[in-house]
Amino acid sequence: MPLTVAIVGRPNVGKSTLFNRLVGRRQALVHPTPGVTRDRREGEAALLGLSFRAIDTAGLEDAGGETLAGRMQAQTARAIDEADLLLMLVDARAGVTPLDAHFADALRRSAKPVVLAANKCEGGAGAAGLVEAWRLGLGEPVPISAEHGEGLSALFDALAPHAGLPRDAVEGGAGDGGADDGEGALNLAIVGRPNVGKSTLVNRLLGEERVLTGPEPGVTRDAVWVAWSWRGREIRLIDTAGLRRKARVTERLERLTAGDTHNAIRFAHVAVLLVDGVEGLEKNDLTIARQIAEEGRAMVLAVNKWDAVADRGGRIGEIRDRLERSLPQLRGIPVRTLSALSGRGVERLLPTVFEIYEIWNGRVDTGPLNRWLAGTVDRHPPPIVEGRRLRLRYMTQIKTRPPTFALFASRPAAVPESYLRYLTNGLREDFGLTGVPIRIALRKGRNPYV
Ligand code: GDP
Ligand code: GDP
């Protein structure tokens, strides 16, 4: 039985948009005419490696009942009845409304599991709404943008445990409450330009470990993932077509498109960017690195073919320099040298991947964070703009993976980029958040909770 997920929420939060993204437009047409009573739409949804049956409840609010609450109840009651899981959407740009709270109450009273997603979060615009959404009492809101396709791997992470994925698929996972209980699998992508040695590395990694599940279709059209267990931790490796199974070279090069790389990065928690040590860091390597940072993924730079590098000291210095200059936001990312061919250095790769994964998942408590903010602002106060000093009032971490903070300021738009960099660098150093992207979303006002 596939999992049935109902997408619920008040009108206009983006339910249909999300449904269309998950199910595809061909299966589910949107009727643009306002006020049209629609039949409920259902379809087979695909989200990365997960497939489920999705129910779109948009439009049902027009279907029955006389009061708003009555109509809402009719809609949610149906959804609650038929679904295994309720995916509640709120509009992070609009903030939490009383109607959202009504929905949340109804869902919370049901015995069904609920995943809360805050939509319209693209470009950081929903940060305040994301904070507010915690108040609904439905757990951590997952920031997404249905329209832009952002946050889908976080949504996958939130939904997957309810589908029995991936632990049911992995030996020793479901029953015995393994070492990674509550943490789930680490999604790993190995990316890089053609010929840097990705296939060789993947074969070496998998050659030493038993593959517990076969390739599963579905992550992207041409990609599969492979799950295996490493020191009791589960790893899901996104395998873009041909990585393990060597197809003819020409075919392989054709199929490993930039789109595949991007998909792999979006699926990943940690991306290993493999570069060719003989050739050094090239422009295309940096392009991929930038993509990894923009997607907010943790990254490890692996310098391959180390066996064939003559001036090792010079090469590594050059690579670190170039990286630091071109992508200062990636300061401190771990760099590992290895030879996929001989296997030398490969054993240090996965420990590094897990270390950076922990940092990427890191959470800083609000108390210490605000003590830190006070000290940091004291040491180097924000500038005076138009005769008044900017006030930074309160900071809270609104999200992990990557660490994302909301900073409440008197005039958010006036906080200069350079000051944000100062804060970001401080966070990095003082809370040990080295080597992962850090985001700060500026909001106007004070602590939203008081
Ligand atoms: P529904 O009534 O909950 O089904 O909402 P719709 O899917 O019809 O979306 C309502 C409006 O929000 C439409 O104008 C969408 O284009 C817009 N919308 C949906 N998702 C997003 C998003 O991720 N970001 C932004 N900015 N707008 C969105
Ligand atoms: P991909 O296109 O990134 O998957 O790269 P491949 O794994 O197909 O490797 C491209 C070429 O680099 C092959 O000829 C490999 O034998 C070679 N290669 C891969 N890893 C190493 C290494 O560690 N050292 C050396 N010297 N050659 C390597």
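Whatever order the structure lists ligands and atoms in, that order sets their numbers, starting from 1. As the structure is a computational prediction, the values presented were derived from the model and not from experiment. This chain uses plain numbering: 1 for the first residue, then up along the sequence.
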Partner set under ring pair (Phe, Tyr, Trp, His ring centres under 6.0 Å) for Phe52, not counting sequence neighbours:
none
Please determine if Glu318 and Arg325 form a salt bridge, counting it only when a charged side-chain N lies under 4.0 Å from a carboxylate O.
no
Go through the steps for Arg193 and Glu279 under the test side chain to side chain contact (heavy atoms under 4.5 Å, CB included), then give the verdict.
CA-CA 11 Å; Arg193 292 183 288 115; Glu279 292 174 1; 3.2 Å; yes
Quick one: look at Leu89 and ligand 1, take heavy-atom pairs under 4.0 Å, and tell me if it's side chain, backbone, both or neither.
neither
Counting from 1, what ligand 2 atoms have a heavy atom of Asn195 closer than 4.0 Å?
1 (P), 2 (O), 3 (O), 5 (O), 10 (C), 12 (O)
Sidechain N-carboxylate O distance under 4.0 Å for Glu44, Arg53
yes
What part of Asp307, side chain from CB on, backbone N/CA/C/O, both or neither, has a heavy atom under 4.0 Å from ligand 2?
side chain
Between ligand 2 and Ala308, is the shortest N or O to N or O distance under 3.5 Å?
no
Is the closest N or O pair between Ala146 and ligand 1 shorter than 3.5 Å?
yes
Atoms in ligand 1 flagged as close to Ser145, the criterion being non-hydrogen separation under 4.0 Å
22 (C), 23 (O)
Donor-acceptor pair between Glu122 and Ser145 side chains, under 3.5 angstrom:
yes
Please confirm whether Gly9 approaches ligand 1 to less than 4.0 Å, judged on its heavy atoms.
no
According to ring pair (Phe, Tyr, Trp, His ring centres under 6.0 Å), who are the partners of Trp306, at least two apart in sequence or on a separate chain?
none
With a 4.0 Å cut-off, would you call Asp276 and Lys305 a salt bridge?
yes
Side chain, backbone, both or neither: the part of Leu341 lying under 4.0 Å from ligand 2 by heavy atom
both
Test item: side-chain donor near acceptor, Thr97 and Asp100, under 3.5 Å
yes
For ligand 2 and Trp306, I'd like to know whether there is a polar contact (N/O to N/O, distance under 3.5 Å).
no
Distance only, no hydrogens: is a donor on one side chain within 3.5 Å (strictly under) of an acceptor on the other, for Arg401 and His269?
yes
Hey, is ligand 1 close enough to Pro11 that some N/O pair sits below 3.5 Å?
no
Would Ser199 count as a polar contact of ligand 2, with the cut-off being nitrogen or oxygen pairs under 3.5 Å?
yes
Determine, considering heavy atoms only, which of Lys305, Lys198, Arg204 sits nearest to atom 12 (O) of ligand 2.
Lys305
Just go through Cys121, Gly14, Ser16, Gly123 and tell me whose heavy atom is the nearest to atom 9 (O) of ligand 1.
Gly14
